[in-house]
Amino acid sequence: MGGDIVTNPPFIYAIEFAKKALEIINDKSKVALFLRIQFLETAERKEFFKTYPPKVIYVSSRRINCALNGDFETANKNGSAACYAWFVWEKGFKGITQLKWFN
């Protein structure tokens with residue numbers, strides 16, 4: 001078992017990353033995934049969130065310019081059309097998810 005995990009997984013595998021991370025961390029440890037806000041959508045993810053509710057979701061109040069593989073030279077200089085958020089789970093948490101904003 002391990003401590004906290006912070007990552008930006010490939011969007012298509014985000015549920016798998018979250019499940020595995022929650023499986024291998026210690027009780028009360030946290031998993032933080034940086035994902036598009038669209039991670040909240042779909043019936044499959046709804047069921048996932050019912051079973052594994054995040055403790056808090058921090059939504060970016062501005063559009064963040066993310067660069068592929070850290071290449072900011074070719075990144076869109078005008079920002080992004082996507083909205084991002086930090087999804088934070090605490091192993092064992094079963095309450096109501098808090099919604100907060102950053103930046």
Side-chain angles (χ1 to χ4, degrees):
M1 293 256 190
D4 300 329
I5 296 174
V6 179
T7 190
N8 173 226
F11 190 79
I12 193 169
Y13 300 117
I15 287 178
E16 289 83 358
F17 269 72
K19 285 180 181 177
K20 184 63 177 181
L22 288 165
E23 175 187 316
I24 64 174
I25 63 172
N26 297 322
D27 285 345
K28 301 295 183 183
S29 289
K30 293 181 176 61
V31 173
L33 301 183
F34 184 70
L35 299 163
R36 294 188 315 253
I37 197 76
Q38 287 87 353
F39 188 63
L40 292 170
E41 299 174 340
T42 78
E44 177 188 7
R45 292 189 197 118
K46 177 184 175 186
E47 293 306 312
F48 168 74
F49 286 127
K50 286 165 66 175
T51 304
Y52 304 99
K55 186 168 186 176
V56 63
I57 299 172
Y58 294 95
V59 178
S60 174
S61 63
R62 295 184 303 216
R63 297 298 168 107
I64 296 173
N65 191 10
C66 295
L68 181 62
N69 297 322
D71 182 6
F72 284 95
E73 291 298 317
T74 59
N76 184 349
K77 303 293 187 219
N78 297 320
S80 171
C83 179
Y84 291 92
W86 280 103
F87 293 78
V88 182
W89 290 264
E90 181 180 284
K91 188 167 185 174
F93 175 76
K94 294 294 180 192
I96 296 172
T97 303
Q98 294 180 52
L99 183 62
K100 298 182 179 186
W101 286 262
F102 71 96
N103 71 7

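Atoms considered below: every heavy atom in the structure, side chains included; atoms not considered: hydrogens, waters and symmetry mates.
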Residues in side chain to side chain donor-acceptor pair (under 3.5 Å) with [X], at least two apart?
{"X": "Ser60", "answer": "Asn103"}
{"X": "Glu47", "answer": "Lys50"}
{"X": "Lys94", "answer": "none"}
{"X": "Lys20", "answer": "Glu23"}

Out of curiosity, [X] [atom1] to [Y] [atom2], how far, rounded to the nearest 0.5 Å?
{"X": "Arg63", "Y": "Cys83", "atom1": "CZ", "atom2": "SG", "answer": "5.5 Å"}
{"X": "Phe49", "Y": "Thr42", "atom1": "CZ", "atom2": "OG1", "answer": "8.5 Å"}
{"X": "Ile57", "Y": "Gln98", "atom1": "CD1", "atom2": "CD", "answer": "10.5 Å"}

Could you work out, with ring-ring contact (aromatic ring centres under 6.0 Å, His included) as the rule, every residue matching [X], not counting sequence neighbours?
{"X": "Tyr52", "answer": "Phe48"}
{"X": "Phe87", "answer": "Phe39"}
{"X": "Phe34", "answer": "Tyr84, Trp86"}

Problem - Hydrophobic cluster of Tyr13, others only, ordered by chain and residue number, side-chain cut-off 4.5 Å - result: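 Joined to Tyr13, directly or through intermediates: Ile12, Phe17.
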Exercise for the section: Tell me who clusters with Ile96, hydrophobic residues only, linked when side chains sit under 4.5 Å apart either directly or through other members. Expected result: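 Members alongside Ile96: none; it stands by itself.
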Handout entry: Short side-chain to backbone donor-acceptor contact, Thr97 and Pro54, under 3.5 Å
Key =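 Yes: the side chain of Thr97 pairs with the backbone of Pro54.
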Is the shortest side-chain heavy-atom distance between [X] and [Y] below 4.5 Å?
{"X": "Val88", "Y": "Phe93", "answer": "no"}
{"X": "Val56", "Y": "Leu99", "answer": "no"}
{"X": "Ile15", "Y": "Arg45", "answer": "yes"}

Problem - Non-neighbouring partners of Glu41 that pass side-chain contact (heavy atoms from CB on, under 4.5 Å), sequence neighbours left out - result: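 Only Gln38 meet the side-chain contact (heavy atoms from CB on, under 4.5 Å) criterion with Glu41.
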Handout entry: Lys28: partners by salt bridge (Lys or Arg N to Asp or Glu O under 4.0 Å), with sequence neighbours left out
Key =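 Glu90.
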Handout entry: Ala14 versus Leu33, closest heavy-atom pair with distance
Key =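 Closest heavy-atom pair between Ala14 and Leu33: O-CD1, 3.9 Å.
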Practice task
Could you tell me which non-hydrogen atom of Gly3 sits nearest to which non-hydrogen atom of Ser29, and how far apart they are?
Solution key: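 Result for this residue pair: CA-OG, 3.8 Å.
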